[in-house]
Amino acid sequence: MSRSEQEQDSEMSWLPPPLVLPPDLESVSVKGDDEPESRELRESWIAIEPPTTEGTSSSDGLNEFRPTAPPPTRPPPLALPLHLPPSFHDSQFHTILRHQRLRPADNSGLKHHPTYPSRFLNLTNSFEFAGWGSITRLKLSSADCAEGERRMEGRRGERVLGQWTASALAGNAVFGSVFYALPAVVAVGGIYSPVSLFVATLILFLWRPIMEELASALPISGAPYTYILNVSTKTFALMAASLLLLDFASTAIVSAATAAAYLAGEVRGLPFPEWVGAMVVLVLFTLVSLSGMRESARIALAVLVLHLITMVMLIIASSIHWGQIGTAQLKSNWHQDRASHPSARSVAKQIYYGICLGMLGLTGFECTPSYISRIKPGKFPLVLRNLHIPAIILNTVMMLLVLAVIPLDVILSGANVLSILAQESAGRWLRTWIVVDAIIVLCGGVLTGILSACELLSQLAQHRVIPSLLLSPLPLFSLPPSLSLSPTPTPSLPSSPSTRAHHPTRAPYLAVLTFALFSSLLYASAGASLPLISQVFALVWLSVMALFPAAGVLMQFNRGRLRRGGGTGGTGRGGGTGAGRGGEGRTGLGVVAGAGVVGGYFAAYVIGIVLVFSMTQNKIHLLRWVYWIYDQHPALHRWRVTSGWGARLIGVMGSLRREPVCILVKTDEINNLFHMILYVRKNEETAYLKIVHFYEPEAGIPSELEANAKILDEAFPEITIDLILVPAPFTPPHLAALSHALRIPQSLMFMSCPGPGFVWEVADFGGRIISL
C-alpha cells in the first residue's frame, strides 16, 4: 500500500458507519428544527449544541454556544424512547471541527502551544513539544515473522537447566556459607547457636510458597527486581535493584574474604595481609569470568558434589570423635556461656540475635530467581527444596558438632572452626582437605555473585536504567555452548566443528569490570573488616528476602488476574506473605540492634546506589537542570570554550527523547489508554510512544480506537503518539516480529495484565505489565 493510499485509508476510517434506527423508531418522522418536539429530542442526546444563529461563542474558544434568550415554552415531550440516536450532522460536527482546528492535514509541525511560557532564557518553549502522531496499518513481512520465530526458539532454548544443575548454581553460595556463618552466629548466640540456626532455617518455609508463586507467574530473570517492575512502579523496582546489587557484591566480597582468611589461617607467615588475598581472589575470578569460565552449570555441579562429600565426611568423622570423647566439652562450653549470661532475658536475646545472624547460613537462596528464565518449566520448586532441606541439616548438625568438640574460647577467637574440627576429628589430612574445599567453594560463591550481578545489569540495561554499553560482549573464545551460562543470549551459530568446539564468550566485560570495581570499593569502605561486611551482608540479605513478600502482596492487589501456578490458596498466600514480612522485620531490627554501626553502613550503601540509579534513570531531567543553570549565565554563551555547550546539551536531550516505547492495547477504552500513557510519562523518559493493536481481519478494529488515539495525541503535547494497527494474532512470535520490524526491544513493549485464561506466559512476550 502506498503512502497516499495509507493516508486516504486513515482519513476514511473517521467516517462513521451508516445510521440504523431501531425498529420502533423507523416510522417516526423527523420534524423540522423549529418544531419543539425535534428540539426536545435533540437536547436529550447532544451534550454541547452545535453552532446556531441564536447563540454566541464562549470566550474559552471551545465552540460552546449558549442561547442569548430564554428558550420558549415547550409542550410535553413525545412518548418515544429516550435513546433516539442523533443525526449524522449532530453527532459528528464537533469532532470534525475539533480536529480541523488543531491538527494539520499532513501531520506536520509540532504540537506547539505559544501561550505556554518557556523556563529558559535562550530557548523557546517549542523544545518541550513533540510532533503530531500518525495512524499506520503495518503488515508483518515474512522476514519479520521468521525473525520472530527464531527469537522464540532462542528463548525456549535458554531453558536448559534441570533441578540439579540449577540447584548447583546457587548451591555453592548456600552451602559454602557454612564457613563464615558459624563463627558469626556463635559470637552472638553462644551455646544456643544450634537452636538459633535451626529456627533460622525453618523460617524459610514461609518464603518458599511465595517464591514459587512469583516464579510461576513471572518467570523473568533478574528477580525480585523484575517482579516489582511488573507489579509496581519503576521507582520501587530501582530500590529493589539497589538492594540486589549490594547483595551480589556482598556475596562476592564475603566469599573472597573468607577464602583468604582460611588460607591465612592455615599458611603461617603469608607475605601479604588478608585483604590483599581477598582482592587477589576477586581479581582472579573476575578475569576467569572475562575468559568465559563463569559459573557454568556443570562445573558448579561438580564443585557442589565435592563440597557435599567433604561435609558428609566431616560430619561422620566428628560424630565418631564426639562419641569417643563424650559430652565433657559440650558441658564445659555450656557452663562457660551460662556464667556470662545467667538471666533468662539475656538467653532470649542470645537466641534472637543468633536467629538474625543465622540467616547468613541461607545466603544464596535469593540468587535462584535471578536466572529463573533458564530453568526448565516446573523445576523451580524442586530447586528450592534441594537447597533448603540440606541447609537445615548441614547448618544445625555442623554447629552442634563444633560446640561438642571445640572449646568456646577457640571458636570465639576467630579461628577456622571447621578446619580445627577436622583436625580434632581425623587429623591433619582432613584439615587440609577442608581448607582446599573451602577455597574452591567460596571462589564459586564469587562467581555466583558476578553471574547474578550480570543478569541484573542486563535487565537494567534493557530497561534503559544504565547504558547498554556496559553489556558489550568480549570477542574471545572459550567453552562450548552447552557448558556456558551467559547472562546475555548467545546468537545462533552455524553448526560446524569449529563453532561446536568454541564460541564467543559473550561476557559483558564492562559490566563485570564495573561490578568488580564496585565490590572492591565496598570492601575498602568497610575497612576490609570481614565481621563488619558479614553483618552488613546479613541485613542486606534480610532486606532482599523481604522484597519477595512485598512483591507477592503487590501482585495480589495490582495483578490479581495474572495466571500463576502452585496449589496454595489465596488465604494461604496472604497468611504466608504477612508472616514472612513480619519475620523479616523482626530479624532485620535484631541485626541493627545487635550492632548499630551495621545499620549506618547499610543505609549509606543503599542510599548511594539508589542515587546513582535515580540519576541514570532521569537523565533528561538532570540535563534539563544543567542546561537551565548554563542558560542563567550569559557569559557562558559568549566564551569560546563554553559557547557550544548549549547546543550539545540540546542534542543529547533530543536524542534521548527520540527513543520509542510501545504500549500494546486490546480495546479502545480511552480511560485505559490514558492511564497507560500516564505510566509511560512517569516511568520512562521518551517523547515517542507507539500504541500497537493486533487484530484479526475478520473481527476488525475497535470503532473508537483511531479517534481516541488522536485525542490522546493532542492531550499529551510533549509526546508523539502513533497508532499502529497490525493485522495478526497477538502471540509471542508476532510480537517478536513486530519488535524486529520497528527496531524496538521487546523489553520496552508494555501491556495490560492478562487474565487467567490467557494461554501464553508473560515471559514469552518479553515485555512489561503496567496496568490491572
Side-chain angles (χ1 to χ4, degrees), residues 167-168 171-187 189 191 193-198 200-201 254-255 258-267 300-330 333 358 360-364 386-445 534:
S167 302
N172 287 327
V174 174
F175 303 129
S177 63
V178 69
F179 289 105
Y180 52 81
L182 300 188
V185 175
V186 173
I191 196 65
S193 297
V195 178
S196 298
L197 272 177
F198 182 69
T201 52
V254 172
S255 299
T258 307
Y262 261 78
L263 181 63
E266 300 302 318
V267 181
L301 183 59
V303 171
L304 182 60
V305 169
L306 173 64
H307 175 62
L308 292 179
I309 292 176
T310 304
M311 292 295 102
V312 170
M313 292 183 60
L314 180 60
I315 290 175
I316 294 175
S318 302
S319 300
I320 295 174
H321 182 68
W322 185 13
Q324 294 174 350
I325 65 175
T327 60
Q329 186 60 61
L330 184 61
N333 292 336
L360 279 174
L362 302 173
T363 54
N386 296 340
L387 295 175
H388 187 201
I389 302 302
I392 297 175
I393 300 173
L394 181 61
N395 284 275
T396 306
V397 174
M398 197 65 70
M399 178 58 77
L400 181 61
L401 292 173
V402 166
L403 292 173
V405 175
I406 304 176
L408 188 60
D409 294 335
V410 177
I411 300 174
L412 297 177
S413 65
N416 301 336
V417 292
L418 291 188
S419 62
I420 295 176
L421 178 64
Q423 183 165 356
E424 293 289 335
S425 303
R428 183 69 185 181
W429 68 272
L430 185 57
R431 177 170 184 166
T432 303
W433 190 345
I434 290 294
V435 172
V436 173
D437 174 71
I439 294 175
I440 294 176
V441 171
L442 291 171
C443 290
S534 298

Practice task
Answer yes or no: is there a side-chain heavy-atom contact under 4.5 Å between Val178 and Met399?
Solution key: no
Problem - Short side-chain to backbone donor-acceptor contact, Asn333 and Leu403, under 3.5 Å - result: yes
Completion exercise
Taking every heavy atom of Ser193 against every heavy atom of Gly189, the minimum-distance pair comes out as OG-C, 3.6 Å
Practice task
Mark yes or no for whether Ser318, through its side chain, and Ile315, through its backbone, hold a donor-acceptor pair below 3.5 Å.
Solution key: no
Completion exercise
To the nearest 0.5 Å, atom CZ of Arg431 lies from atom CG of Asn416 at 7.0 Å
Problem - Backbone of Val405 reached by a side-chain donor or acceptor of His321 within 3.5 Å - result: no
Problem - Straight-line distance of Met311 CE to Ile316 CD1, nearest 0.5 Å - result: 12.0 Å
Exercise for the section: Just say parallel, tilted or perpendicular for the rings of Phe179 and Tyr262, cut-offs at 30° and 60°. Expected result: perpendicular
Exercise for the section: Report yes if the side chains of Leu304 and Phe175 come closer than 4.5 Å at any heavy-atom pair, otherwise no. Expected result: yes
Handout entry: Check: Trp433 main-chain N/O paired with Asp437 side-chain donor or acceptor under 3.5 Å
Key = no
Practice task
First locate atom CD1 of Ile406, then atom CG of Leu418, and finally report the distance between them rounded to the nearest 0.5 Å.
Solution key: 7.5 Å
Handout entry: Side chains of Ser425 and Ile320 in contact at under 4.5 Å (non-hydrogen atoms)
Key = no
Exercise for the section: Decide yes or no for Thr396 and Leu400: does some side-chain heavy atom of the first lie under 4.5 Å from some side-chain heavy atom of the second? Expected result: no
Fill in the blank from the handout: So CD of Gln329 and CG of Leu408: to nearest 0.5 Å the spacing works out to 9.0 Å
Handout entry: Sub-4.5 Å side-chain heavy-atom contact between Leu442 and Val254
Key = no
Completion exercise
To the nearest 0.5 Å, atom CD1 of Ile191 lies from atom CG of Leu330 at 5.5 Å
Exercise for the section: Determine, stepwise, if the pair Leu314 / Met398 fulfils side chain to side chain contact (heavy atoms under 4.5 Å, CB included). Expected result: CA-CA 9 Å; Leu314 180 60; Met398 197 65 70; 3.8 Å; yes
Practice task
Rounded to the nearest 0.5 Å, what's the gap from CD1 on Ile440 to CG on Leu306? Could you check?
Solution key: 5.5 Å
Handout entry: Leu182 side chain near Ile411 side chain, heavy-atom distance below 4.5 Å
Key = no
